[in-house]
Every structure is written in structure tokens, then in C-alpha cells.
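Basis for what follows: all heavy atoms, side chains included, without hydrogens, waters or symmetry-related copies.
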Amino acid sequence: MTAAVIHPGAIVEEGAVIGAGSYIGPFCHIGPEVTIGERVTLKSHVVVAGETSIGDDTMIFPFAVIGEVPQDLKFKGEKTRLEIGARNRIREHVTMNAGTEGGGGVTRVGNDGLFMAGCHVAHDAHIGDRVILVNNSAIAGHCVLEDDVIVGGLSGVHQWVRIGRGAIIGAVTMVTNDVIPYGLVQAPRGELDGLNLVGLKRRGVARSDITAMRAAFQMLAQGDGSFHERAKRLGDETDSQYVREIVDFIMGESDRSFLTPR
């Protein structure tokens with residue numbers, strides 16, 4: 001097994017755990033409670049602080065700051081942590097903060113994500129697998145982004161917002177309410193403008209399921225009753241697992257309201 005390589009210009013504090021085959025580049029600073037998996041690369045000038053774990057085969061680019069204390073005035077130094085999964089690409093100047101006691105104490109990032117330059121993941125956020133945050137996008141505290149979400153550049157997601165699996169957020173968009181799975185959100189104040197049809201087709205979703213989802217979207221947009229009543233009725237009528245996923249998301253617990261179809 002290949003030993004880790006630590007550049008002589010890096011600072012790795014006593015207590016840190018560095019996995020086999022990892023590389024810690026020049027001018028990196030690794031705190032004493034950090035655990036780094038196998039074959040992780042920190043190119044240079046990377047700060048990893050706090051009780052932070054980083055999964056295997058992750059690559060972090062210069063000037064990223066990972067695991068620092070949250071940007072929350074209620075934070076009083078309590079013991080919290082950041083957990084990052086495997087095979088992530090974390091680009092230059094990305095910041096990811098540890099959790100807060102009031103938010104559950106942990107920020108979680110899944111596997112196979114791409115976090116482009118300058119983006120931010122705030123305290124107590126839960127980020128799923130294969131998520132892409134484009135340059136300078138910001139995810140506020142307590143947000144939940146499910147698997148396969150894409151957030152466009154210069155976009156912001158309000159605290160406590162949930163974004164369902166496979167949704168896409170256009171560039172320069174402010175998202176203030178929950179987004180249904182596979183939704184397409186765009187415009188400066190975040191409008192639910194349809195379904196992420198391109199993403200669905202790329203995943204090889206059957207045409208019959210896409211047709212069912214388009215019909216479901218129209219029912220949510222124009223059916224009788226409130227948004228939740230329409231979703232409940234849709235759940236009673238559908239045979240599509242994708243439509244059922246949308247319904248279950250809408251009927252789940254949330255601290256926000258929903259972006260609804262135009």
C-alpha cells in the first residue's frame with residue numbers, strides 16, 4: 001500500500017489521520033481532528049479544519065477552506081462536524097462549513113460531486129450524490145439538496161430550502177422555496193418553469209415516464225384545489241414511480257412553502 005505524501009511546506013497537526021496514497025501539497029494546513037481518506041489530493045494552500053472527514057479519491061484545489069466554523073452568530077464554539085463523501089472535486093476558493101448544535105451538528109456532502117470555483121456550502125446543509133454547484137453559487141444553512149441536483153452559477157439557495165432529486169436551477173437565480181424533484185427553476189426570483197427534461201433524457205428515463213411526469217406537472221399547475229390537494233390526488237391516481245417521488249416530496253415535512261408551476 002502506497003504511503004501518503006506530505007509536502008515539507010504543509011502543516012499537518014498532530015492527531016490528523018491521512019489515508020494511504022493521499023497527497024498533501026505545499027502550504028496546506030490540516031487540523032488535528034481531520035480524517036482524510038485514501039488517495040485524496042490536496043493540491044496546495046488548502047485549509048481543512050475542525051472535525052472534518054474527507055472520503056477516498058477526493059481532489060481539493062488551491063485556496064479551498066473546508067470545515068471551518070459556521071457563519072452563524074448563534075454558533076458558540078460547540079462541537080460540530082463536516083462529513084464529505086468519496087470522489088468529490090472541490091475547486092478553487094470553495095468553502096464548506098461545519099454544522100451547528102441547533103441544526104443537528106453536522107454538514108454532509110455525498111459522493112461524486114463537483115463543486116466549482118467559489119461556491120459555498122453552509123452549516124447543517126445536506127448535499128446528496130452527484131450534485132453540481134456551478135461557480136459562485138451559495139447554499140445557505142439547513143438546506144437539503146437531493147441526488148443529481150445542479151445549481152447554476154451565481155445562484156443562491158435560501159436557508160431551509162429543499163431541492164428534490166434531479167432538479168436544475170438556472171444561473172443567476174434566487175431560490176426561496178422548495179423545488180420538486182426534476183423541476184426546472186429559472187428567472188431572478190426563482191420560478192418553477194417546467195421539468196428538467198434534458199436531465200431526464202440523459203438518464204435514460206422511459207418516454208412513458210416522462211409523459212406521465214409532464215401530465216402530472218400540468219395537473220399540479222392547473223388542477224382544482226390547493227397545491228397539496230392536487231398533489232395528494234395525483235398520488236392516488238399515478239402508476240409512475242417518478243410521479244410518486246414528486247408527490248412524496250411535496251407531502252413531506254418542510255420549513256418552507258413550494259415553488260409552484262406557473
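Of all non-hydrogen atoms in Ala140 and Cys143, the two that sit nearest each other are O-SG, 3.3 Å. The heavy-atom pair separating Gly25 from Ala10 by the smallest distance is O-CB, 3.4 Å. Between Ile127 and Val121, the shortest heavy-atom contact is CG1-CG1, 4.1 Å. Gly141 approaches Ala122 most closely through the heavy-atom pair N-CB, 3.4 Å. In terms of heavy-atom proximity, Asp209 sits nearest to Ser240 at OD1-OG, 3.1 Å. Across all non-hydrogen atoms, the minimal contact from Val131 to Gly128 is CG2-O, 3.6 Å.
Applying ring pair (Phe, Tyr, Trp, His ring centres under 6.0 Å) to Trp160 and the options His123, His126, His142 leaves one that passes, His142. Tested against Asp57 for a salt bridge (Lys or Arg N to Asp or Glu O under 4.0 Å), the candidates Arg87, Arg89, Arg39 yield a single pass: Arg39.
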Please lay out, stage by stage, how Arg130 and Asp148 fare under the test salt bridge (charged side-chain N to carboxylate O under 4.0 Å, His left out). CA-CA 5 Å; Arg130 300 175 300 279; Asp148 302 304; 2.7 Å; yes
Going through the checks in order, is the side chain to side chain donor-acceptor pair (under 3.5 Å) test met by Thr100 and Asp72? CA-CA 8 Å; Thr100 64; Asp72 185 342; 4.6 Å; no
Just do the side-chain contact (heavy atoms from CB on, under 4.5 Å) check on Ile163 and Val161 with the steps written out, would you? CA-CA 7 Å; Ile163 300 181; Val161 161; 4.0 Å; yes
Before you tell me yes or no, could you show the steps for Phe227 and Ile250 under side-chain contact (heavy atoms from CB on, under 4.5 Å), namely the whole-Å CA-CA distance, both residues' side-chain angles and the distance that decides it to 0.1 Å? CA-CA 9 Å; Phe227 185 68; Ile250 293 171; 3.7 Å; yes
Please report the C-alpha distance between Thr58 and Ile60 in whole Å, then the side-chain angles of each, then the deciding distance to 0.1 Å, and finally whether the side-chain contact (heavy atoms from CB on, under 4.5 Å) criterion is met. CA-CA 7 Å; Thr58 291; Ile60 306 181; 4.0 Å; yes
Just do the side-chain contact (heavy atoms from CB on, under 4.5 Å) check on Asp193 and Val185 with the steps written out, would you? CA-CA 6 Å; Asp193 202 27; Val185 175; over 6 Å; no
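When side chains are defined from C-beta on, Arg165 does not count as touching Phe249, because their heavy atoms never get closer than 4.5 Å. With a 4.5 Å cut-off on side-chain heavy atoms, Asp112 and Asp129 do not count as touching. Between Val34 and Val17, the closest side-chain pair of non-hydrogen atoms is not below 4.5 Å. For the pair Val46/Phe63, no side-chain contact is recorded, criterion being any heavy-atom separation below 4.5 Å from C-beta on. Looking only at side-chain heavy atoms (C-beta outward), Ile66 and Leu82 come within less than 4.5 Å of each other. Between Arg230 and Gln222, the closest side-chain pair of non-hydrogen atoms is not below 4.5 Å. Thr95 has its side chain out of reach of His93: every pair of non-hydrogen atoms, C-beta onward, lies at least 4.5 Å apart. When side chains are defined from C-beta on, Leu145 counts as touching Val151, because their heavy atoms get closer than 4.5 Å.
Applying the 4.5 Å side-chain rule to ILVMFWY residues, one finds Phe75 in the same cluster as Val69. Counting side-chain heavy-atom gaps under 4.5 Å among Ile, Leu, Val, Met, Phe, Trp and Tyr, the cluster of Val47 also holds Val65.
Remark: side-chain polar atoms of Asn111 are paired, donor with acceptor, to backbone N or O of Ala86 under 3.5 angstrom. Between the side chain of Asn135 and the main chain of Met116, no donor-acceptor pair closer than 3.5 Å is present. Distance alone, capped at 3.5 Å, places no donor-acceptor pair between the Ser44 side chain and the Phe27 backbone. Side chain of Glu245 to main chain of Tyr242: no donor-acceptor pair is present (N/O by atom type, distance under 3.5 Å, no hydrogens or angles). Not a single donor-acceptor pair under 3.5 Å links the side chain of Thr238 to the backbone N or O of Arg244. Panel note: side chain Arg162, backbone Val144; no donor-acceptor pair is recorded below 3.5 Å. A donor-acceptor contact shorter than 3.5 Å links the side chain of Ser155 to the backbone of Gly170. Under the 3.5 Å distance criterion, the side-chain polar atoms of Thr173 are left unmatched by any main-chain donor or acceptor of Ile169. Side-chain N or O atoms of Asn88 include one that pairs as donor or acceptor with a backbone N or O of Gly110 at under 3.5 Å. Between the Glu146 side chain and the Gly164 main chain, no donor and acceptor come within less than 3.5 Å of each other.
With a 6.0 Å cutoff to the six-membered ring centre and a 45° limit on the axis angle, Arg91 does not count as a cation-pi contact of Phe115.
Considering only residues two or more places apart in sequence or on other chains, Lys201 meets the side chain to side chain donor-acceptor pair (under 3.5 Å) condition with none of them. In this structure Ser137 satisfies the side chain to side chain donor-acceptor pair (under 3.5 Å) test with no other residue, sequence neighbours excluded. Listed by chain and number, the residues in a side chain to side chain donor-acceptor pair (under 3.5 Å) with Glu83 are Arg81, Arg108 (sequence neighbours excluded).
No more than 12 heavy-atom neighbours from other residues, nucleotides or ligands sit within 6.0 angstrom of CG on Asp224. Shown here is Glu101, whose CD atom has no more than 12 heavy atoms of other residues, nucleotides or ligands within 6.0 Å. When the shell of 6.0 Å around CG of Asp239 is examined, it contains 12 or fewer heavy atoms from other residues, nucleotides or ligands. Annotation: Arg203, atom CZ; neighbour count of heavy atoms from other residues, nucleotides and ligands within 6.0 Å is above 12.
One finds the OG1 atom of Thr52 at 8.5 Å from the CD atom of Glu68 (value rounded to the nearest 0.5 Å). Separating the CG atom in Asp178 from the OG atom in Ser257 is a distance of 7.5 Å, to the nearest 0.5 Å. With values rounded to the nearest 0.5 angstrom, Leu184 atom CG is found 6.5 Å from Asn196 atom CG. Interatomic distance, Leu234 CG to Met219 CE, rounded to the nearest 0.5 Å: 5.0 Å. Atoms OH and CD1, on Tyr182 and Ile210 in that order, are 11.0 Å from each other to the nearest 0.5 Å. Residue Ile18 holds its CD1 atom at 4.0 Å from CD1 of Ile36, rounded to the nearest 0.5 Å.
Phe258 has its ring centre less than 6.0 Å from the ring centre of His228.
Side-chain contact annotation: His158 with Thr176, donor-acceptor N/O pair under 3.5 Å absent. Between Thr107 and Asp124, the side chains place no donor N or O within less than 3.5 Å of an acceptor N or O (distance only, hydrogens not considered).
When the side chains of ILVMFWY residues are joined at heavy-atom separations under 4.5 Å, either directly or via intervening members, Ile54 and Met59 end up in two distinct hydrophobic clusters. A single hydrophobic cluster is seen to contain both Leu200 and Val179, as judged by linkage of ILVMFWY side chains at heavy-atom distances under 4.5 Å, directly or through other members. Val5 and Val40 fall into different hydrophobic clusters, where Ile, Leu, Val, Met, Phe, Trp and Tyr side chains are chained together by heavy-atom contacts under 4.5 Å.
Here salt bridge (Lys or Arg N to Asp or Glu O under 4.0 Å) pairs that include residues 16-36, with residues two or more places apart or in two chains, are Glu33-Lys79.
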